[in-house]
Amino acid sequence: MHATTTAAPDAGEDGSGRSLLRAAFAYAFHPTIILLALLACHYLHRSPELFLPIGIGFTFLMTGLEQIMPARREWKPLSSFKQVAGNFAFWMVGYFFVWGAGVAMFYDRVLTPRLLGARESLGLSAPWPSSWPVVAKLCLAWLIADFISYWLHRAQHRWGALWRATAHGVHHSPTEMYSIKAAVNHPVEFLILLFPIPLLMGLGAGADEIGCLTFMIWIQIHFTHCNLPLKYGATGWLLQTGRYHLQHHSVVHEEQNTNYGCCMSLWDRLFGTFREPGYIASTGVAPGASLGLGQQLLFPIRPVYSAPSQRP
């Protein structure tokens, strides 16, 4: 009898396979998730209550991926209990259930009816393409909303009074960047973040596309702030990426005044504020700065740092 042996797997082939998987993940993960989210909008737009658990589940998915395969190894979202508590408990609960819901209710009950009433009193018909498929209406709403958000964001960095009043410095306070940091916003800033929604409703946008829009923005802002080793081809010409937007969160104010897009890099490219990023040494409102929770909440009354455009 002759002994049989099993050949050991070729290390080179195994390494090559892992490299292919990493490359596929790097290029395909972001556009695949966006396409799946658009499919969810197509099939679930009549059941918007399902978007919340899907969105929360996606937050946990991104956080887990950033923990096990971060682009910057020194930035991990689960590095300490205090970090986890601050990220998930205070900001996430506030984002979904407190000030986000409160601002949405204010717009829904106060501002939107007045905009609709003003349009009707002027005898203007709604210019919204109501007959379009829901995903087409969603894409139009997303373009309009992100265009408005881009210019509001630039204004926050341009005028110190708006930087202070909206407490935008709170969003720039994290000294580590990963997807959950997208939710770090002062309650007052939600007045800015949700402002495009009543304007869209004033144009005639319906509840279906508005629900889908908030869902798509939530999915995309994870990628805008993520710490994953992703790469981009044509997708990066339209959508904002963690690599591009990381430069906007740099402590160097010249770098902060670039790559403003919340969901899309398109507007930065069209209006001259896009910059291909290099290595960003650190993030935050200023070199060596760190804002405590009390300083963040009191920012509109006692701003710790001025807008980047006003710094020497």
Side-chain angles (χ1 to χ4, degrees), residues 27-55 57-59 62 100 104 107-108 112 115-116 119 124-154 179 182 190 192-226 230 232-245 259-271 273-274:
Y27 282 102
F29 182 62
H30 188 173
T32 299
I33 292 295
I34 293 298
L35 288 174
L36 289 174
L38 289 171
L39 280 174
C41 290
H42 175 73
Y43 288 106
L44 301 178
H45 65 274
R46 301 288 188 187
S47 303
E49 68 276 3
L50 296 177
F51 290 147
L52 178 59
I54 294 173
F58 181 68
T59 296
M62 290 290 285
Y107 279 148
D108 185 50
T112 302
L115 289 173
L116 293 173
R119 191 191 73 202
L124 301 175
S125 60
W128 194 252
S130 302
S131 61
W132 287 11
V134 67
V135 172
K137 290 186 290 185
L138 159 64
C139 291
L140 176 61
W142 201 4
L143 280 169
I144 295 172
D146 204 64
F147 177 78
I148 296 171
S149 296
Y150 167 81
W151 286 105
L152 287 173
H153 193 183
R154 284 190 66 173
S179 59
F190 278 89
I192 292 290
L193 295 175
L194 296 182
F195 183 67
I197 289 178
L199 294 182
L200 286 166
M201 296 185 73
L203 291 173
D208 287 351
E209 51 265 39
I210 294 300
C212 291
L213 173 63
T214 56
F215 174 67
M216 290 301 301
I217 290 175
W218 178 247
I219 296 297
Q220 170 55 35
I221 62 173
H222 281 72
F223 288 106
T224 299
H225 297 85
C226 77
L230 303 181
Y232 292 89
T235 307
W237 282 85
L238 174 63
L239 297 176
Q240 188 62 277
T241 74
R243 179 171 171 266
Y244 296 158
H245 196 64
N259 299 356
Y260 290 99
C262 175
C263 291
M264 301 177 187
S265 67
L266 174 65
W267 312 120
D268 286 295
R269 295 177 187 276
L270 288 177
F271 297 108
T273 53
F274 177 81

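What you see is a predicted model, and the numbers here were worked out from it, not measured in a lab. For the numbers below, each heavy atom of this structure counts, side chains included, while hydrogens, waters and symmetry mates do not.
Rounding to the nearest 0.5 Å gives a distance of 8.0 Å between OG of Ser265 and CG of Asn259. Remark: Cys139 SG to Ile144 CD1 distance equals 11.5 Å, nearest 0.5 Å. Rounding to the nearest 0.5 angstrom, the gap separating the CG atom in Leu35 from the NE2 atom in His30 is 10.0 Å. The CG atom of Leu138 lies 9.5 Å from the CD1 atom of Ile210; values are rounded to the nearest 0.5 Å. Annotation: the span from Cys41 atom SG to Phe51 atom CZ amounts to 4.5 Å, rounded to 0.5 Å. Between Tyr150 atom OH and Thr273 atom OG1 the span is 2.5 Å, to the nearest 0.5 Å.
Between Ile217 and Leu193, the closest side-chain pair of non-hydrogen atoms is not below 4.5 Å. Residues Phe274 and Leu266 fail the side-chain proximity criterion, which asks for heavy atoms closer than 4.5 Å. Leu230 is not listed as a side-chain neighbour of Thr241, based on a closest heavy-atom distance of 4.5 Å or more. With contacts defined as side-chain heavy-atom distances shorter than 4.5 Å, the pair Trp142/Gln220 qualifies.
Of all the heavy atoms in Ala28 and Thr32, the pair that sits closest is O-OG1, 2.6 Å. Across every non-hydrogen atom of Asp146 and Cys263, the tightest pair is OD1-N, 3.0 Å. The two residues Thr224 and Cys262 make their nearest non-hydrogen contact at OG1-O, 2.8 Å. Here the closest heavy-atom approach between residue Cys212 and residue His45 is recorded as SG-CB, 3.6 Å. Closest of all the heavy-atom pairs between Trp132 and Lys137 is O-CE, 3.3 Å. For the residue pair Ser130 and Gly204, the shortest heavy atom distance occurs at OG-O, 4.5 Å.
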After noting the C-alpha distance and the side-chain angles of Thr214 and Ile197, does the key distance pass the side-chain contact (heavy atoms from CB on, under 4.5 Å) rule?
CA-CA 9 Å; Thr214 56; Ile197 289 178; 3.7 Å; yes
Does the pair Phe215 and Ile54 meet the rule for a side-chain contact (heavy atoms from CB on, under 4.5 Å), with working shown?
CA-CA 9 Å; Phe215 174 67; Ile54 294 173; 3.8 Å; yes
In sequence, state the C-alpha distance, the side-chain angles, and the governing distance for Tyr232 and Arg243, and then conclude on side-chain contact (heavy atoms from CB on, under 4.5 Å).
CA-CA 10 Å; Tyr232 292 89; Arg243 179 171 171 266; 5.7 Å; no
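Annotation for Phe195: atom CZ does not count as buried by contact number, only 12 or fewer foreign heavy atoms lying within 6.0 Å.
The aromatic rings of Phe147 and Trp151 sit perpendicular, their planes meeting at an angle over 60°, well past the 30° parallel limit.
Partner of Gln240 under the side chain to side chain contact (heavy atoms under 4.5 Å, CB included) criterion, out of His225, Met264, His245: His245 alone.
Residue pairs meeting the salt bridge (Lys or Arg N to Asp or Glu O under 4.0 Å) criterion with at least one partner in residues 38-54, sequence neighbours excluded, are Arg46-Asp208.
Using a 3.5 Å distance cut-off with no hydrogens or angles, the side chains of Trp128 and Glu209 do pair a donor with an acceptor.
Listed by chain and residue number, His222, Phe223 satisfy the ring pair (Phe, Tyr, Trp, His ring centres under 6.0 Å) test with Phe58 (two or more places apart in sequence, or in another chain).
With Ser47 contributing its side chain and Leu44 its backbone, the two residues share no donor-acceptor pair below 3.5 Å.
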